[in-house]
Protein chains: 2
Amino acid sequence: MNIALDAADKKILELIQQDATLTHQEIADRAGLSSTSVWRRIRNLEEVGVIRGRVALLDAKKIGMQVNALISVRLTHQGLETGKKFEEFIVEQPEVMECYAVVGNYDYALIVRVSNVERFEKFLSGTLLSHPAVATSTSSFALRQVKYTTAVALD
Amino acid sequence: MNIALDAADKKILELIQQDATLTHQEIADRAGLSSTSVWRRIRNLEEVGVIRGRVALLDAKKIGMQVNALISVRLTHQGLETGKKFEEFIVEQPEVMECYAVVGNYDYALIVRVSNVERFEKFLSGTLLSHPAVATSTSSFALRQVKYTTAVALD
DNA sequence: GTTGAAAGAAAATCCCT
DNA sequence: AGGGATTTTCTTTCAAC
């Protein structure tokens, strides 16, 4: 399950986590490798699934998706079946960017992104709270996104 | 500030948010455009900053970054100066994937990713709680990442 | 002003040592 | 693992709508 990375792999991953448009040659120069070697290593990292994919990141504000909400959800029952149903439902909701199963006062933490407060209200009462597995929820709006990175630190 | 997108732009963005390795020709085929047109539109979307960049996403579990923590932070003072210092500090911490300024019982919500619980403990007491602006914090570990997407829904 | 076809440049991929 | 040929893709140009 756990894949070992050498220093060259880590360097490559650090670079492409920040900028996936770098050419193999640019990566090779910065990592002290040949471009063929970079190509082969990236191919391997993709094959074993360390690299899940490459995506374009958008500036959500610039396209009018300005509301970021943090929601805590408590389910009606904590059994496996209820959780499974809820999770399948969550994965299908385009407004939900992230969902974490947690323990404690609530069962799930969600990060939701919508264009405005009306849409949020619609998502909350029309979608989330309408789901039979959901008992209660607590929402708060993010005033600002102080930091957002997809790059995990490789230590 | 807010940039208007037509149907073709939205289709292109939807596709490259899911997979940035698609060629212009593949995008063109799926969006009903020519590859030149796709190229020009993507270039414009980059210039106006709608596309912030392209990055490689990794499978954090496979490289041993298995601990995902959600942390609520309350500052000692809610003045601008304290907040600014804290935010500058947070941006520099590689363990912090996301940070949101919120209102309510606490001031910031953090998502932190580290390799193991020892590293988390080190980050929490050695880094976060050692910062003079931090008054209190509440942490919970994510049992599971149910959903994680970087793709915002364009409606 | 926006489109698409086709040429030219650049990069990715594969082969061979 | 690296150098170089081949293939694919990206970028630019230019003519048409």
Side-chain angles (χ1 to χ4, degrees), chain A residues 2-65 149-152 154-155, chain B residues 1-60 62-64 149-155:
Chain A
N2 219 300
I3 287 147
L5 305 171
D6 65 14
D9 287 330
K10 286 184 186 175
K11 185 68 188 165
I12 291 170
L13 291 174
E14 265 170 33
L15 291 167
I16 65 174
Q17 278 196 106
Q18 299 294 339
D19 184 0
T21 68
L22 291 170
T23 65
H24 294 161
Q25 191 54 58
E26 286 169 320
I27 297 166
D29 292 345
R30 298 191 204 180
L33 300 163
S34 70
S35 68
T36 310
S37 187
V38 168
W39 177 78
R40 237 189 314 252
R41 280 170 182 274
I42 287 178
R43 192 168 140 283
N44 286 341
L45 291 166
E46 281 168 343
E47 267 172 14
V48 297
V50 166
I51 298 173
R52 286 198 322 176
R54 295 127 192 280
V55 299
L57 298 182
L58 308 189
D59 186 327
K61 265 178 147 173
K62 286 214 168 109
I63 51 175
M65 301 298 289
T149 182
T150 55
V152 305
L154 305 166
D155 50 5
Chain B
M1 186 96 208
N2 219 303
I3 287 147
L5 305 171
D6 66 13
D9 288 329
K10 286 183 186 176
K11 185 67 189 167
I12 291 170
L13 291 174
E14 265 171 31
L15 290 168
I16 66 174
Q17 278 196 106
Q18 298 295 339
D19 185 0
T21 68
L22 291 170
T23 66
H24 294 161
Q25 191 54 55
E26 286 169 321
I27 298 166
D29 292 345
R30 298 191 203 179
L33 300 162
S34 71
S35 68
T36 310
S37 189
V38 168
W39 178 79
R40 236 186 317 249
R41 281 170 181 274
I42 287 178
R43 193 170 140 282
N44 287 340
L45 291 166
E46 281 168 344
E47 267 171 13
V48 297
V50 166
I51 298 174
R52 287 196 323 173
R54 297 128 190 280
V55 298
L57 299 181
L58 308 190
D59 186 326
K62 287 214 169 113
I63 51 176
T149 182
T150 55
V152 304
L154 305 167
D155 49 6

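Quick caveat: nothing in here was measured; it's all calculated off a predicted structure. Chain letters run A, B, ... following the sequence lines, proteins first, then strands; residues in each count from 1.
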Fill in: Exercise: identify the closest heavy-atom pair between B:A31 and B:K11
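Closest pair (atom of B:A31, atom of B:K11, distance): CB-CG, 3.7 Å.
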Hey, what do you get for [atom1] ([X]) to [atom2] ([Y]), rounding to the nearest 0.5 Å?
X	Y	atom1	atom2	value
A:R43	A:H24	CZ	NE2	11.5 Å
A:D29	A:S34	CG	OG	10.5 Å
A:I63	A:L58	CD1	CG	5.0 Å
A:L57	B:L57	CG	CG	7.0 Å

Item to complete: Show your working on side chain to side chain contact (heavy atoms under 4.5 Å, CB included) between B:I16 and B:I51 and close with a plain yes or no.
Response: CA-CA 10 Å; B:I16 66 174; B:I51 298 174; 3.6 Å; yes
Worksheet, complete the sentence: Readout for nucleotides 5-17 of chain D: B = base within 4.0 Å of protein heavy atom, S = sugar-phosphate only, - = neither; 5' to 3' it is ----SSSB-----
Worksheet entry | Stem regions touching DNA chain C, defined by at least 3 consecutive Watson-Crick or wobble G-U pairs below 3.5 angstrom | C:1-7 with D:11-17, C:9-17 with D:1-9
Worksheet item: Has A:S37 got a side-chain N or O lying under 4.0 Å from the OP1 or OP2 atom of D:dG2?
Response: yes
Discussion item. Any salt bridge linking B:R30 with B:E14? Criterion: basic side-chain nitrogen under 4.0 Å from a carboxylate oxygen.
Written reply: no
Discussion item. Quick test of your reading of the model: are B:D9 and B:R41 salt-bridged, counting only N-O distances below 4.0 Å?
Written reply: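 Here B:D9 pairs with B:R41 in a salt bridge, since their nearest N and O are under 4.0 Å apart.
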Item to complete: Rounded off to whole Å, could you give me the CG-to-P distance for the B:L33 and C:dG4 pair?
Response: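 Rounded to whole Å, this separation is 7 Å.
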Worksheet item: In whole Å, what is the span from the CD atom of A:E46 to the P atom of C:dA12?
Response: 12 Å
